[in-house]
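These notes concern the structure reproduced below.
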Amino acid sequence: MSALDDNAKEIAEDAGGEEIATSSREINTKEQDNGAGGPIILFFIIGLFASLILGWVIFPKLLYSKKKQPIDFNHVLHVAEVEDGCESCHFFREDGTYSGVPKLEQCIDCHDEIQGISHDEIKFVEKYVSKGREVPWLIYSRQPDCVFFSHAAHVKAAKIDCVTCHGHIGESENLKIYEESRITGYSRDIWGKSIGGFKKNTWDRMKMDDCAECHRKNTANISRTGVKTPTNRLIGHIIDLVSPGTSVSNKGGSVQTERDACFVCHK
Amino acid sequence: MKIDRRSFLSFLIGGGAGTALSPLPWKLMDDSSIWTQMWPWTPVPEDGEASYVNSACTLCPGGCGITVRKIDDRAVKIEGMKGHPVNNGGLCILGLSGLQLLYGPTRVKTPLKRVGKRGQGSWEKISWKDAISEVAKILSDLRSTGQSHTVGCISDSDRGTVPRLFERFLTVYGSPNLMRTSSIIDSYELTLHLMQGVQASPGFDFENADFILSFGSGIIDGWGSPVRMFRANSAWRNTGGKIIQIEPRLSNTAAKSDKWIPANPGTEAALALGIAHVIIKESLYDAEFVDNYSAGFEDWKRFVLDKYGPDSVATITGIDNTTIIALARSFARASKPLAICGRGQGTTPGSLDECTTVHALNALVGNINKQGGIFAVAEPDYINWPEVEMDATAAIGMQKDRLDGAGSKKYPFSRYLLNRLPQAINSGEKYPLKALFVGDANPLYTMSDSKAVKKAFDKVPFVVSFSSYMNETAQNADLILPNHAYLERYEDIPTPPGMPKPVISLTRPVVEPQLNTKHTGDIIILLAKAMGGNIADAFAWNSYDACLKETLGNKWQVMIKKGFWSYPDFFVQTHEESFDTISGKFEFVSKETGSLKQFKPVNIEGDKTNYPLLLMPYDSIRLANGVIGNPPFVMKSVDDTVLKGNNVFIEINPKTAGEQGLREGQLAMLSTPVGKAKVKVHLFDGIMPGLVALPRGLGHTAFDDYLAGKGINFNELIGPVEDPVSGLDTAWGIRVKLAKV
Ligand code: SF4
């Protein structure tokens, strides 16, 4: 008996042992099933969405600081008062250079005394005109210093109107908030309002690709002004740099700077 | 749910994918590339309206016309003025860097009064009113005690309205002690006075000359009016003009010349006499000129033929006699030969014998008053102010001997002997100097034997500097009354040295005065008014600008428009009219001095046993050594075989270096009878054995960090040696010894 018992016990133990082993295998299998599905995908999705939100929503908020212009300005009001439209204040100097944002000198004819009662007008005259201080306007379209851009070539020669690049700012009644990249110090309007760089209108962005886009479209058959993007025709650039004027694509380069390749538009 | 490593990785992968799908990395990349262009030290040009103002550069005596480009109210670039008779569009590196002086940190920002010890650098701001009344009080006290003659003034020039206002002030105040910084022009003026009887500056018609015999003059190292010389040098390249450079060291000029003849240092005059010997002996001279328009030729001829045959000159100069003969022949046979002297930039006057001998060479070949030759250019007489009315005090003061001994019995022909001033003050033999005005000059840096100069300055109880910049002299003054910088003021710049035609350029304000400065001319006028009486009467103008405008009269409008005034027909000078000597002719041997007959070589300081080698300075266009020190841009251009860190290099022939046991780059102690300095060794095959050369223009203690404390001021190592006839400084070098350290 004892042998039997022992045997039975052994069997029972074996069986029991097996039972335990079986059940524990079951548990393992269950756990494995859970891991392959739920949490891992969930975490992937959490990561994905978090970073998408960070990149598309939070990042632009962190990147740009919002600044108010020193005083407000009503373009509509002024355009109605002046004779030459935009050119009355944003004019070409005698030597062909472009005046850009007006200086006090242009304002002073009318504003040597306070016109009307608006708060900004009073501030303008008292803080700037009477003290002879220039208004430190924040310029939405200011390009990095390495960019050489000639208004004369575009406005006078190519007859492009202001709106094409600057949009309908001439029809605005207020100056919008100036958003400045904390990294570069340039306006958000250069990269474009859309952080993804999407554009609907020609004036939505002012990056080099936007110059290139227009140049490719409108000056495709005029090789002198063919603007290239950095990635394409790199070889062409190198040839131009090594022996200026020899590449067919870019004879002569810039009319104004008499430079070739990158130096047509870059200092 | 358990969060483990896998979930975390999965989160990261999700995050990575999301980030890649968001604009963040691309936008950051773009912005950071733009950010790299925005570093604060990246120069960004101003944006605004461009305009140009014509003016004149005053950073050296060169007198170049400049056109300054402005963007709105800021000057951004200095260019050479096209069509200007001196530089016609050209500009030197110092002139180009002028904006760093205008906007740089070396400007004196407001009138300053010393509070600590002299030279300690403690100042207190003082108002213009207080400053001027303080000077007026000291001057009045001196005058009322009969010491008006103890007031002196040092200026870089004696021409133009500002130096003339100083002169006028001293005259009516009662002091004869106006002194001008000396240069080769002093020797030339004296030469013209003794040989031609005129009071004039030399004018060289380089543009039309075709054979330049230069006795060490740094034609492209800053001699004369530097930019004009560059242009002339380039023109000779095209027209086939030749330059023969005689100099013991291969300077830039020598390197670019057609022939470099290294003569033993200090023997240039002997070489000139040797050349004259050959020309006379072979009858190659211009007999027409010599027979009709010269006097004393026979005497001089005898002297030259007796003593300066090619063989003896070969011994003196170390040049072989065939070279001397060939040189003499080609000089005499050239169609428009011209001999010039003044070592390096001509900052030291040199020996009068040397200058007269070189001038005699020009006379021999008949190129006086001739195209391609040399002219006596009188100062344009546009300054015609009413005579001053001197009171008794002024008359007595003006009668006193000058402290520097110019015009004395010993040196009757010289007008200014600034080099003798330190000794006169230090010895106290005549009378003390009680007050000193330093106009546009920096004597504490530019005068030789710095220690003696400093000692003399220390003995003057009241020193006033008018400098726009904190230079060495301003640092050691009691009061600084800063002038506007040259781009902020009006001033007339009369004919620069060496111009054959008189020209007056107009320095004009390019920008508004940036600091609390005042025009020196205005200070003199205000001071005169504060003194009252005759002195005030002599300065009836309301301001300096009014004075200048009135002085220039109808020229003013033209100068405002063109930037300069030139006298077109000045070339017409006939031999009959141009010599005002006792004989009425060109005098080879001056009847007044007879000096040429006693030709003696210059004895430089130091004995051969203790000081076996010779030390000479050299000049470079990249090292300003006058009133202005190198601005940072120019400093950047200095080679590192000239200056490395704070160490200056001496140039020495490898053979001599070997004898002294010195290697390239090694430190050595250089000592002369006057001073000592630690230097580095640069081996240079282009320098004669036995010689050591050190650049001028370094070793400033003033100006900015880019200049101060770098290298050695050559003037600390050399003292003046008086010329027996002129009293001017003739030292071309000094004996020296070198020791390893
Ligand atoms: S040569 Fe003299 S005057 Fe002419 S630009 Fe240079 S520093 Fe000025």
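Below, chains carry the letters A, B, ... as their sequence lines are ordered, and counting in each starts from 1. Excluded from the calculations below are hydrogen atoms, water molecules and symmetry mates; all remaining heavy atoms, backbone and side chain alike, are included.
Legend: residues meeting ring-ring contact (aromatic ring centres under 6.0 Å, His included) with A:Trp203, ordered by chain and number and at least two apart, are A:His168.
Within a 6.0 Å sphere centred on CG of B:Asp705, other residues, nucleotides and ligands contribute 12 heavy atoms or fewer. Atom OH of A:Tyr98 sits in a crowded spot, with more than 12 heavy atoms from other residues, nucleotides or ligands closer than 6.0 Å. Other residues, nucleotides and ligands place more than 12 heavy atoms under 6.0 Å from the NZ atom of A:Lys103. Residue-environment remark: OH (B:Tyr706) stays at or below the threshold of 12 foreign heavy atoms within 6.0 Å. Residue B:Asp639 qualifies as enclosed at atom CG: its count of foreign heavy atoms under 6.0 Å is above 12. Counting non-hydrogen atoms of other residues, nucleotides and ligands closer than 6.0 Å to CZ of A:Phe149 gives a total above 12.
Interface remark: A:Ile183 contributes backbone and side-chain atoms alike to the contact with chain B (heavy atom separation under 4.5 Å). Of the two parts of B:Glu49, the backbone and the side chain both hold a non-hydrogen atom closer than 4.5 Å to a non-hydrogen atom of chain A.
Contacts between residues 4-28 of chain B and chain A, defined by a heavy-atom separation under 4.5 Å, are made by B:Arg6, B:Ser7, B:Ser10, B:Phe11, B:Ile13, B:Gly14, B:Gly15, B:Ala17, B:Gly18, B:Thr19, B:Leu21, B:Ser22, B:Pro23, B:Leu24, B:Trp26, B:Lys27, B:Leu28.
How far CD1 of B:Ile34 is from CD of A:Gln143: 8.5 Å, rounded to the nearest 0.5 Å. Taking OG from B:Ser51 and CD from A:Glu94, the interatomic distance works out to 12.0 Å, rounded to the nearest 0.5 Å.
The most heavy-atom pairs under 4.5 Å with chain B, out of A:Thr97, A:Leu63, A:Thr184, come from A:Thr184.
With respect to the salt-bridge test (charged N to carboxylate O, under 4.0 angstrom), the residues B:Asp31 and A:Arg182 do not qualify.
In plain terms, the two heavy atoms of B:Ala50 and A:Arg93 that are nearest each other are N-NH1, 4.4 Å.
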